[in-house]
Amino acid sequence: MGVQGTMEYLSDLLSTKKKKKKKQVQTVALKIRMDCEGCARKVKHVLFGVKGAKSVEVDLKQQKATVTGYVEPKKVLKAAQSTKKKVELWPYVPYSMVANPYISQAYDKKAPPNMVRKVADTANISETTVDDRYIQIFSDENPNACSIIILSLS
């Protein structure tokens with residue numbers, strides 16, 4: 001960093017003006033119920049009206065609208081809901097991104113090819129349906145476990 005870079009750095013530190021954070025370019029995907037080309041045009045027109053939207057792509061076959069630009073997902077969702085159509089954030093991800101793509105929460109018949117619904121990773125959840133009392137009763141450390149099992153079978 002030369003003398004010029006040092007001077008710029010110090011002037012930035014000493015300046016009292018607050019700098020605005022630059023917004024990041026984001027891509028927001030929505031699942032929107034569209035029946036015809038007219039619906040698609042209406043959705044595209046409304047989404048282009050969102051402040052900061054640079055491009056809008058509408059895929060009628062997949063019922064998907066993608067907005068790219070300096071936008072906030074909540075504002076895009078709210079604008080799409082103003083069309084009075086059923087709208088939700090794009091729920092699908094490639095099946096390779098989900099730990100268990102064949103569980104009932106992830107599988108969706110209406111999903112595009114090679115896509116499943118995004119579900120939380122259940123591998124780290126420690127919930128169980130077995131009560132701890134049963135584990136203690138039938139443990140190997142319980143000398144009466146065999147008699148309890150025989151009584152419960154008869």
Side-chain angles (χ1 to χ4, degrees), residues 1-139 152:
M1 187 184 333
V3 174
Q4 183 68 25
T6 305
M7 296 300 283
E8 287 179 20
Y9 176 74
L10 289 175
S11 68
D12 287 344
L13 283 177
L14 297 175
S15 68
T16 57
K17 294 187 290 182
K18 290 192 176 187
K19 293 184 178 180
K20 283 188 173 181
K21 288 186 178 180
K22 292 183 179 180
K23 290 184 179 180
Q24 296 287 326
V25 175
Q26 289 188 338
T27 301
V28 180
L30 301 170
K31 182 179 180 183
I32 303 177
R33 174 101 166 110
M34 297 177 283
D35 299 320
C36 62
E37 285 294 326
C39 295
R41 275 194 307 274
K42 180 179 179 183
V43 167
K44 190 170 186 174
H45 178 73
V46 167
L47 293 178
F48 254 122
V50 175
K51 183 179 178 185
K54 297 296 180 194
S55 69
V56 177
E57 297 174 20
V58 177
D59 187 349
L60 187 62
K61 185 176 179 185
Q62 285 190 347
Q63 306 277 307
K64 180 179 183 181
T66 307
V67 180
T68 305
Y70 302 100
V71 294
E72 295 178 24
K74 289 182 181 179
K75 288 184 179 180
V76 173
L77 186 63
K78 190 172 184 179
Q81 288 171 340
S82 71
T83 62
K84 306 289 189 226
K85 299 196 176 299
K86 185 178 177 186
V87 180
E88 63 180 303
L89 289 174
W90 187 252
Y92 302 117
V93 295
Y95 74 92
S96 59
M97 303 277 294
V98 177
N100 298 315
Y102 301 108
I103 60 174
S104 62
Q105 294 91 355
Y107 182 74
D108 188 357
K109 290 180 185 177
K110 297 176 183 175
N114 298 324
M115 302 282 249
V116 292
R117 282 194 171 272
K118 184 176 182 179
V119 293
D121 185 17
T122 57
N124 57 6
I125 297 176
S126 60
E127 295 177 2
T128 179
T129 57
V130 179
D131 194 1
D132 289 337
R133 292 178 292 161
Y134 296 121
I135 294 172
Q136 292 172 352
I137 291 173
F138 296 109
S139 71
S152 63

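Residues take their numbers from the sequence shown, with the count starting at 1. Fair warning: this is a prediction, and the values are worked out from it, not measured in the lab. Basis for what follows: all heavy atoms, side chains included, without hydrogens, waters or symmetry-related copies.
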What closest approach, in Å, do [X] and [Y] show between heavy atoms, and which atom pair accounts for it?
{"X": "A40", "Y": "V58", "result": "CB-CG1, 3.8 Å"}
{"X": "W90", "Y": "P112", "result": "CZ2-CG, 3.8 Å"}
{"X": "P94", "Y": "M115", "result": "N-SD, 3.6 Å"}
{"X": "A79", "Y": "V46", "result": "O-CG1, 3.2 Å"}
{"X": "V71", "Y": "G52", "result": "CG1-C, 3.6 Å"}

(message) Under the rule for side-chain hydrogen bond (donor to acceptor under 3.5 Å, both in side chains), what residues qualify as partners of K85, not counting sequence neighbours?
(response) none
How long is the gap from [atom1] on [X] to [atom2] on [Y], to the nearest 0.5 Å?
{"X": "K86", "Y": "Q63", "atom1": "NZ", "atom2": "CD", "value": "10.5 Å"}
{"X": "L77", "Y": "I32", "atom1": "CG", "atom2": "CD1", "value": "8.5 Å"}
{"X": "M34", "Y": "R41", "atom1": "CE", "atom2": "CZ", "value": "12.5 Å"}

Heavy-atom distance under 4.5 Å between the side chains of [X] and [Y], does that happen here?
{"X": "Q81", "Y": "V87", "answer": "yes"}
{"X": "V67", "Y": "V50", "answer": "no"}
{"X": "V28", "Y": "T66", "answer": "no"}

(message) More than 12 heavy atoms of other residues, nucleotides or ligands under 6.0 Å from OH of Y70: yes or no?
(response) no
(request) Taking atom CD of E88 as the centre, report whether more than 12 heavy atoms of other residues, nucleotides or ligands fall under 6.0 Å from it. (result) yes
(message) Out of the candidates Q62, K31, K64, only one should pair with Y92 under the side chain to side chain donor-acceptor pair (under 3.5 Å) rule; please name it.
(response) K31
